[in-house]
Amino acid sequence: MPPTMTRRIMCVGFVFVLANAVATQLFAADLKLRYDRPAPDTPRGWEQEALPIGNGRIGGSFFGGLASERLAFNDISLWTGNADVKGSYQAFGNLNISLPGHDDATGYLRELEIEQGIGRASYRVGGITYRREYFASHPAQVLVIRLTSDRPGAYNGEVELADMHGAATTASGNTMTASGALSLPAAGGGRRGRRDAPAQQSAAAGPTTMSYESQVAVVNEGGSLRTDGNKLAFRGCDSITIVLAAGTDYVLNPERKFHGEHPHARIAAQIKNALAKPYDALRGEHVADYRALFGRVGLDLGKSSANRAALTTDKRIEAYTKDGDDPGLEAMLFQYGRYLLISCSRDLLPANLQGLWNASNSPPWQADYHTNINIQMNYWLAEPANLSECTSPLFDMVRSLVPEWRKATAAEAAGGRDFLTASGQPVHGWTVRTEHNPYGNMSYTWNKTGNAWYAQHFWEHYAFTQDKQFLRDVAYPLMKEVCEFWQDYLKALPDGRLVAPKGWSPEHGPQEDGVTYDQEIIWDLFTNTIDASDALGIDRQFRDQIAAMREKLVKPKIGRWGQLQEWMRDKDDPNDTHRHVSHLFGLYPGRQISPTTTPDLAAAARVTIEHRGDAGTGWSMAWKIAFWARLHDGDHARRMLRGQLSVPGSQARQATTRGTESNNAGGTFPNLFDAHPPFQIDGNFGATSGVCEMLLQSQTGQIELLPALPAAWPTGSVNGLRARGGFEVDIAWKDGKLTAVTLRSITGTGGTLRYGSKTRSLNLKPSESKTVAAANL
Ligand code: FUC
């Protein structure tokens, strides 16, 4: 490279870095959810208005109530059921704070600052300003609430710990403890109690399955603190700090039947260690830990008007529903997905249907793990949005449950029901049903390619990180076993082509051979396994067998109205607006279909989603953002984002319902939770990954810059997105055109940038970064 060019690039790089620093400061102020009233203390108020905090295992939803505040708290592992019984994710308990006399407040503000991972509430009563802070610390493994005011001695009230399963609370000194156990439902007993009501400990309950405990300690500055029955009462205090720890005996270990030590000692130590630190130190260590993940990505999609940015978040969503003009709110939804993943996926178990937040003992769909889109969507953002570490609970769970799934798959074969080879032998390996719990128990229909869809996540972790050890020791063995399942189970048609037998395009149409969803996922599995074998330089013979089978797979087909066929036979209904569009898996999250490599199939995919329409449930709209982004149609992708960020149901021109579920009532609740409806966190995560796909793609082997930039975001920047091959990418654009890009190697060495039809290859050493002005691409 001539020296002048190097200088020019360095200069552009410098300007770019500066521009980014400025941009970060400008939009930092936007990353707050803000409200001028408490969330109503009702099930609907919890779902749509309460605000979540979490440390990746425990979390809570705060309402910001005045005379009575509630933190509905959770531990991600509190589940009924076991490996043989279905069960449901449970609410853990409520931390109730009563502050008599605080009802009549003025100047109320409740907010969640997602740049720091801190919730707040403030208000004035009788000339005194009261403030609260709420956070969930990963380093300290506790939830913390602190109450302060500008008048010494102003706090009088009490704190209560109420268990959601009727366990008694005892208070001693400055600590309350509630220790309990969950039981299996007694034989014949229903599991569906009234939502949000503490379950009654019934004499007819079956055997104990899980032990759990929560502890709350209260520290006062000034005034006095004493036990009052099973509560803690405080008088004349300057400030109150409340620390909550909670846990269960759940361990991700089938050999121990998923149960380990009683959590009492662990929780007591967490409380003790947290109390040993001054509040500022506890808070500081939380913010530093949280920022180390959250701060990796900045997004500026343009400035919102001052009037709009001044609105509370609920009003902002309403205004955005009408005019779609609030790039700051769109960037906030993107970052909120990252906030939520950091807050619910760092330890023990992956994000369930509600992340980890749940105030009910009978949540929708048991708040379980659904394998036909939902759990996968929860993790689509993790790699591109630079939260790779947050995938480990997913990998740990899948690996720990595989032994249970092997048994269930083998039992099906032993009973002669399914999973037999053409010659009647049981197939190798395992697969999954549509629903499962954290003990491996499965329910609802078999989702046969669920095994390969899980395997895709293991491969993608390698593709982004280039972590060869993970590929060799963890991903490849799992992928290979799933390939062996399909080697045994695929059925040859008379002409030699291979099909997945008796599959189901979720949740739609008949069960039959060769549904496109199955065929595409198997193609993806085989392709990733071939690449994995090449990367590791192992298993050549097996790799070649898989490659030969991949050639024989029935491939996606174009049907009579130009659509990508959902089934092998051309029977798709052009008026079908079902929420699942599973046959576009090959477009996203797969890599079988793209406008550059398979333009005809991409055109057919476009026809398919045009007919499915722009409405949808929450996750359905989120998936469509990514579909349109992969088709390089930024304006349509953003139209989907706009629909999703609107008041629920506002995009539906007419309600279409199949079975009991609406197909198009999705949107966003005032607390920015995705509305399937009900609240389902997949749509939050899918919105974030959809925006990633609009700005950066890397699935075809090149790093595509701004592949789907909409006209609505003429000028902006993003920094810190991850690309496959081991890179971090910063992009800036102006007037709809790329201005500069910085490619930073994390582990990658060679990468090819693509912008429109221009390409440029760069060689980097690990940790090196290069900035290229658009003119030099
Ligand atoms: C799948 C979807 C439903 C719902 C459920 C949790 O079965 O079809 O719409 O999201 O998961």
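Counting starts at 1 for both ligands and their atoms, following the listed order. Note that these values count all heavy atoms, side chains included, but never hydrogens, waters or copies made by symmetry.
Ring planes of Tyr89 and Trp79: tilted class, angle from 30 to 60°.
In terms of polar-atom proximity, defined here as any N/O pair under 3.5 Å, Asp682 makes no such contact with ligand 1. For ligand 1, the polar-atom distance check against Trp619 finds a nitrogen or oxygen pair separated by under 3.5 Å.
Looking at Glu507 and Asn372, their side chains do bring a donor and an acceptor atom within 3.5 Å of each other. Using modelled atom types, one finds no donor on one side chain facing an acceptor on the other under 3.5 Å when comparing Asn528 with Gln456.
At a 4.0 Å heavy-atom cut-off, ligand 1 does not touch Ile373 at all. Only the side chain of Leu353 comes within contact range of ligand 1, with a heavy atom under 4.0 Å; no backbone atom does.
Proximity of Tyr444 to ligand 1 is not established, as no heavy-atom distance is less than 4.0 Å.
Residue nearest to atom 8 (O) of ligand 1, selected from His580, Met377, Gln366: His580 (by heavy-atom distance).
One finds no salt bridge joining Lys502 and Asp513 here, because no Lys/Arg side-chain nitrogen approaches an Asp/Glu carboxylate oxygen to under 4.0 Å.
If you number the atoms of ligand 1 from 1 as listed, the ones under 4.0 Å from a heavy atom of His370 come out as 1 (C), 5 (C), 6 (C), 7 (O), 11 (O).
Pairing each heavy atom of Ser388 with each of Glu383, the nearest pair is OG-OE1, 2.9 Å. The minimum heavy-atom distance between Thr371 and Tyr517, with the atom names listed, is O-OH, 4.5 Å.
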